[in-house]
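Reminder, nothing fancy here: chain letters follow the sequence lines and each chain counts from 1.
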Amino acid sequence: MNRINQKLQEDKKLLSIYFTAGYPSLNDTVGVIQDLEKSGVDMIEIGLPFSDPLADGPTIQASSTRALENGMTSELLFSQLATIRETVSIPLIIMGYLNPMMQYGIEAFCAKCKEVGIDGLIIPDMPVAIYHEQYQAIFEKYGLINVFLITPQTSEERIRFIDSISNGFIYMVSSAGTTGAKNSFGNTQETYFDRIGNMNLKNPQIVGFGISNHETFTQATNKAKGAIIGSAFIKHITTNGTKTIDTFVKDVLGDT
Amino acid sequence: MKKTYHVNEKGYYGTFGGAYIPEMLYPNVEELRQKYLEIMYEDSFQEEYKQLLKDYVGRPSPLFYAERLSAKYNTKIYLKREDLNHTGAHKVNNTIGQILMAKRLGKTRIIAETGAGQHGVATATVCALMGMECIVYMGEIDIARQAPNVARMKMLGAEVRAAVSGSKTLKDATNEAIRDWISNPVNTHYIIGSVVGPHPYPDMVARFQAVISEEIEWQLHEKEGRSHPDHVIACVGGGSNAAGAFYQYLDDERVNLIAVEAAGKGIHSGESAATSVLGEDGIIHGSRTLLMQTNDGQITEPYSISAGLDYPGVGPMHAHLYESKRAEFISITDDEAMTAGLELSQLEGIIPAIETSHALAVFDTRKFKENEIVVLNLSGRGDKDLNTYIDYFKL
């Protein structure tokens, strides 16, 4: 069974952390992953930096630009991750945009993911229909779970379709907007979380965009299976470096 | 089935096009996809659109027989005078169409991207005309380079927001506009300025620009007794003026289509914007097309002396015209374009936009037969480029 599916079966709310590969320094990738696992994170999204990240807010844009300046590439990421499964056992997902993967070759990219032990992919600008028609067979051949996004504007009919072709979890975007930290969620989000929670989807939902601290993590996971933090974590390591990752994680989990 | 170079029902031109967008944009783009044709071809829409093109833009734009230019190159050259439109270029044909579309979709807030500022001005203009809120994203570097157009937009009541990410130019302004649309999915319409972006934008913008070739057909018929020329020449950045000039002739293979790209300091100089030659298949701004990128799939910054041609991608229609060899693609350097711009000024008394000067430079690099009819789309006037011309020629 895929590590993602195993993790989703655990009887707890899951914390997933996003970070940009090759940030703050080119060779920080492996160390950050190891520290996140040691700090109690359940799942990691490794951001493959892209020059034009349409769905991202300023924090992740800046970390992507920096990572590219540092020299990060798809090839280099795979070589950094070559022995990652000797030390890390939690699910690892690559999150990135379609163009760099197309240039690598979608099948070659998927094959390499399987080789190094990646469990799934999140590709925000890959439309559901394109995946369904062109790429699903390739992803399945290499045992990769593709994670789709839904938003407060996604229709019920479309959510049900996305649920039907998903086999891991659904990435629930908390509100209309790009990635970025918020301090709290309002009534609109609560209503949306409730609405999706009550749809009895076959795939669990993990909330992302706008989660930054213990309060938002708790609000987001009231109905959902877990939550993803990206920008707030990037900000933390931008300000504090990579030495205090466990402090950040424990604060979010309320584990003090 | 008859071969066609128009978009298919799935939003593709051959293998190019489609809508590679984040889920956050799906409801907006899908709404537009479902409704654009129906709205565009409503009688009341067409009536209002045509009235504005006539009374506000000043259409039809003349088709002018350029006698001295024709004599010099020993062929028959007609200039389609889009430079005489209100705001000085073809861009306004599209913004008039899209603002009417936005109104019928019930949108109250308009966003746009701009490079040199021409599309930004054309958008700010129609927003003023319709009393709509207008926000134009422009790269921080372009804001500094194009101060007069920034001032025009402000005078027209638009807010100009600086794009400070990435390379701080047109592609980043487009990214910022898309991010704004993601954050404002309900009340906002995004007026894209060229035949780029996710389907249905390339097709919708091409249809609004198609008025150019619709007029060429009847104007040429009046003058020459036939509605098709032997060649149509247009410059291509994203490709909207070329899409409009080619539109009626796409499937008429008697007409040779000539698309002119900016070679900057030379195609292989590393400072060029010749996307079809240098680009690879990929995704930019929601569309699958040819784009300039690294081997690792990072989008690179093009260069041209003309700010309207330095887009790292090209519209999917043009990518298909290139790959299928339906159109002839020619690359013109900065120097060739500037020389051609000066030549038109002195032979015909028309100072062209530097974008258009690229198209004009074709006459020096390619021969046409004496009895052939060549229509060149004079996409814009050169007022905005005076400083560049002055610097270049030390005037």
Side-chain angles (χ1 to χ4, degrees), chain A residues 48-58 60-62 64-65 67-69 71-77 96-105 109 122-130 133-134 148-155 158-159 162 170-173 175-180 209, chain B residues 10-12 15 18-31 163-188 197-199 280-289 291-301 312-313:
Chain A
L48 178 66
F50 180 46
S51 54
D52 294 78
L54 288 181
D56 286 300
I60 293 178
Q61 286 171 40
S64 300
T65 302
L68 291 173
E69 286 166 2
M72 186 43 81
T73 63
S74 303
E75 195 64 63
L76 189 57
L77 176 60
Y97 291 80
L98 190 52
N99 195 56
M101 298 178 193
M102 276 176 70
Q103 300 317 309
Y104 197 90
F109 194 92
I122 304 175
I123 310 169
D125 61 342
M126 179 174 66
V128 179
I130 301 277
E133 289 161 20
Q134 297 178 29
F148 292 107
L149 277 58
I150 63 169
T151 81
Q153 277 74 40
T154 311
S155 69
R158 190 166 166 84
I159 293 173
I162 288 170
I170 289 175
Y171 191 132
M172 237 174 100
V173 176
S175 58
T178 51
T179 55
F209 288 38
Chain B
K10 288 190 147 180
Y12 285 85
T15 57
Y20 292 78
I21 47 168
E23 186 62 29
M24 294 80 100
L25 284 178
Y26 180 84
N28 278 337
V29 173
E30 180 63 11
E31 180 189 29
V164 297
S165 59
S167 50
K168 305 180 177 60
T169 59
L170 176 58
K171 87 176 167 72
D172 308 284
T174 309
N175 291 339
E176 287 306 324
I178 292 174
R179 288 179 187 123
D180 181 306
W181 210 20
I182 286 173
S183 304
N184 297 284
V186 180
N187 66 345
T188 299
H199 177 68
E280 296 286 337
D281 185 7
I283 309 288
I284 182 169
H285 299 139
S287 180
R288 183 163 183 172
T289 188
L291 59 129
M292 292 170 62
Q293 52 183 314
T294 65
N295 291 336
D296 191 47
Q298 308 300 336
I299 300 174
T300 54
E301 186 63 14

Check for a donor-acceptor pair, side chain of B/Gln298 on one end and backbone N or O of A/Thr73 on the other, with a separation under 3.5 Å.
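Judged by distance alone, no pair lies under 3.5 Å.
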For B/Ile299, is there any backbone N or O sitting under 3.5 Å from a side-chain donor or acceptor partner on A/Ser51?
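Yes, the answer is positive, given that a donor and an acceptor are paired below the 3.5 Å cut-off.
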Chain B contact via [X] - side chain, backbone, both or neither, heavy atoms under 4.5 Å:
| X | answer |
| --- | --- |
| A/Phe50 | both |
| A/Pro49 | backbone |
| A/Gln61 | side chain |
| A/Phe209 | side chain |
| A/Ile162 | side chain |

Do A/Arg158 and B/Glu30 have side chains that get closer than 4.5 Å, going by heavy atoms?
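No, side chains not in contact.
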Heavy-atom distances under 4.5 Å only: say whether [X] touches chain A with side chain, backbone, both or neither.
| X | result |
| --- | --- |
| B/Glu280 | side chain |
| B/Ile284 | neither |
| B/Tyr26 | side chain |

Distance-minimising heavy-atom pair for [X] and [Y]:
| X | Y | result |
| --- | --- | --- |
| A/Asp125 | B/Ile283 | OD2-CG2, 4.3 Å |
| A/Pro127 | B/Ile21 | CG-N, 4.3 Å |
| A/Leu149 | B/Glu23 | O-CG, 3.1 Å |
| B/Ser183 | A/Thr178 | OG-N, 4.0 Å |
| B/Ile182 | A/Ala55 | CD1-CA, 4.2 Å |

Select, from A/Val173, A/Asp56, A/Ile150, A/Ile123, the one with the greatest count of heavy-atom pairs under 4.5 Å involving chain B.
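Highest number of heavy-atom pairs under 4.5 Å: A/Asp56.
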Taking every non-hydrogen pair under 4.5 Å, which of A/Leu98, A/Ile130, A/Thr65, A/Thr154 racks up the most with chain B?
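The residue among A/Leu98, A/Ile130, A/Thr65, A/Thr154 with the greatest pair count is A/Ile130.
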Shorter than 4.5 Å, heavy atoms on both sides: which option in B/Leu25, B/Asn295, B/Asp172, B/Asp281 has the most such pairs with chain A?
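That would be B/Asp281.
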Against chain A, work out which of B/Ala19, B/Gly282, B/Gly18 has the most heavy-atom pairs shorter than 4.5 Å and name it.
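Ranked by contacts with chain A, first place is B/Gly282.
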State the OG1-CG distance between B/Thr174 and A/Asp52, to the nearest 0.5 angstrom.
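Nearest 0.5 Å value for the OG1-CG distance: 9.0 Å.
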Assess, by modelled atom type and distance only, whether the side chains of A/Gln103 and B/Gln293 contain a donor and an acceptor separated by less than 3.5 Å.
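A/Gln103 vs B/Gln293: donor-acceptor pair found between side chains.
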